[in-house]
Structure formats: C-alpha cells, structure tokens
Peer 1: 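Have a look at this one.
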Amino acid sequence: MSLFVTLAADILVAVLLAATIVTSLRLSGRIGQMKGDEAALRQTIGDLMVASGTAERAIAGLRAAIDDADRTLNASLDAATARSAELKLQVEAGETVVSRIGAIVAQMRAVPARPEPASAPQVGAEPELQPLRRPEPSSPNGERLGAAAAAALAMSERALARVRARAA
C-alpha cells in the first residue's frame, strides 16, 4: 500500500511540476510581450510629445497670422470709413451743384427767348454744327445732369449765335 501511495504522490508531483513549467513558460512569454509593448509604448509617447510640440508651434503661428489679419482688417475698415465719409461729402457737394444748375436752368427757361434775326446763309460761312446727342441717363441725378448739360449747350449755342450776329 505504501508503494501505491508513494507512486501516486510521485505522479501527482510530476503533474504539478509539468503544470508549473507550462505556467512559467506562459508567464515568460507574457513578460517578453510586455517588454516589447513597453518599447512600443515609449516610442508612441515620444512621437506624441513631438507631435504636441509641432502642434503648439503651429497654433502660435496661427495666432500670429490671426493677429496680423485682424490688424490689417481694422486698418482697411478705418480707411473704408474715411473714404465713405469723403464720398458722402462729395456727393452732397455734387447734389448742391446740381441743384444750383437746375435753378439756373429753371430761371433761363422762365426768361422769354428773344427772336433771333433771320440771316441768310452767307457764302463761305461755316455750317452750323449740330449738337451731339448723348444717350439718356438712367438715374435721377444723371437726368438732372443731362438736363443741365443740355441747358448749358443751348446757352452756349445762343451766345455763339449772338457773337456771330454782332460780327456780321
């Protein structure tokens, strides 16, 4: 009986020893794998630090570009505001001039026209120039300017006719 117990105990010790060897091999493999992962993890951490440094420099560059663009935009807005004010003043001055010209034209239309002396066409006299027709303007200010220009042209033609009549 003691031989059987001794043999069973030896077999049990052999099985446990074999299980211990297998477990030790598995643990050794896992430790080796973890050491490999540790190196990969260190490499990954190093890459992340380089990438974060690059990102920080890029962010600083973008902030500088934004500040520069902001300054440029503010300068452009200030210049545009100044030009707008100048244009507003010039438009107001132009409207004043147009209204004065309109008043002058209205006064000229109110004065009855003197009949021009009929003169026979002279030999060798220059033929009268026909006024150029200009296209009709499309805006109200353009219409007023066109009327003022037509009135000025008519006045200059009458003055030219008077000068020619005196010269004759």
Side-chain angles (χ1 to χ4, degrees), residues 29-168:
R30 285 186 180 176
I31 288 172
Q33 186 179 11
M34 286 179 70
K35 284 186 178 181
D37 290 344
E38 180 184 356
L41 186 60
R42 286 180 189 244
Q43 180 66 30
T44 303
I45 289 171
D47 291 344
L48 284 175
M49 290 177 70
V50 169
S52 66
T54 303
E56 286 177 3
R57 285 191 301 270
I59 288 171
L62 287 174
R63 284 185 180 158
I66 288 171
D67 289 342
D68 188 39
D70 189 40
R71 276 184 257 126
T72 303
L73 182 61
N74 284 335
S76 296
L77 285 174
D78 291 342
T81 302
R83 297 294 178 265
S84 175
E86 288 175 10
L87 286 175
K88 185 177 180 181
L89 291 175
Q90 289 177 354
V91 166
E92 290 173 359
E95 287 179 351
T96 302
V97 168
V98 167
S99 65
R100 286 182 183 172
I101 290 173
I104 291 170
V105 168
Q107 287 176 354
M108 291 300 295
R109 287 186 180 164
V111 174
R114 284 190 289 170
E116 302 257 342
S119 62
Q122 299 175 355
V123 178
E126 296 179 17
E128 283 203 30
L129 296 175
Q130 295 295 326
L132 295 176
R133 292 283 178 192
R134 298 188 178 170
E136 294 293 326
S138 60
S139 68
N141 283 338
E143 291 176 7
R144 288 193 284 180
L145 287 175
L153 183 62
M155 287 174 52
S156 66
E157 287 175 354
R158 277 188 245 147
L160 182 62
R162 278 188 230 138
V163 168
R164 285 184 180 165
R166 286 184 188 166

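Keep in mind that what you see is a predicted model, and the values were worked out from it rather than measured.
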Peer 1: Given 3.5 Å as the limit, does a donor-acceptor pair link the side chain of Thr81 with the main chain of Leu77, or not?
Peer 2: yes

Peer 1: Give, for atom CG of Asp78 and atom CG of Leu73, the distance between the pair rounded to the nearest 0.5 Å.
Peer 2: 9.5 Å

Peer 1: Salt bridge or not for Lys35 and Glu38, using N-O below 4.0 Å?
Peer 2: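 Here Lys35 does not pair with Glu38 in a salt bridge, since their nearest N and O are not under 4.0 Å apart.
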
Peer 1: Give me the atom names and distance for the closest heavy-atom approach of Val105 to Ala151.
Peer 2: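 In this case the closest contact between Val105 and Ala151 is CG2-CB, 3.1 Å.
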
Peer 1: To the nearest 0.5 Å, tell me how far Arg71 CZ sits from Asn74 CG.
Peer 2: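 One gets 10.0 Å once the value is rounded to the nearest 0.5 Å.
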
Peer 1: From Gln43 CD over to Ile45 CD1, what is the distance, rounded to the nearest 0.5 angstrom?
Peer 2: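 Reported to 0.5 Å precision, the distance equals 10.5 Å.
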
Peer 1: Could you walk me through whether Glu95 and Val98 satisfy the side-chain contact (heavy atoms from CB on, under 4.5 Å) test, starting with their C-alpha distance in whole Å, then the side-chain angles of each, then the deciding distance to 0.1 Å, before giving a yes or no?
Peer 2: CA-CA 5 Å; Glu95 287 179 351; Val98 167; 5.5 Å; no

Peer 1: Quick one: CD1 on Ile66 to CZ on Arg63, what's the gap to the nearest 0.5 Å?
Peer 2: 8.5 Å

Peer 1: Does a side chain donor of either Asp37 or Gln33 reach within less than 3.5 Å of an acceptor in the other side chain?
Peer 2: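 No donor-acceptor contact under 3.5 Å links the two side chains.
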
Peer 1: Assess whether side-chain contact (heavy atoms from CB on, under 4.5 Å) is satisfied between Arg57 and Thr54, documenting all intermediate values.
Peer 2: CA-CA 5 Å; Arg57 285 191 301 270; Thr54 303; 3.3 Å; yes

Peer 1: Once you round to the nearest 0.5 Å, how far does CG of Asp67 lie from CG of Leu62?
Peer 2: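 So the CG of Asp67 and the CG of Leu62 are separated by 11.0 Å.
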
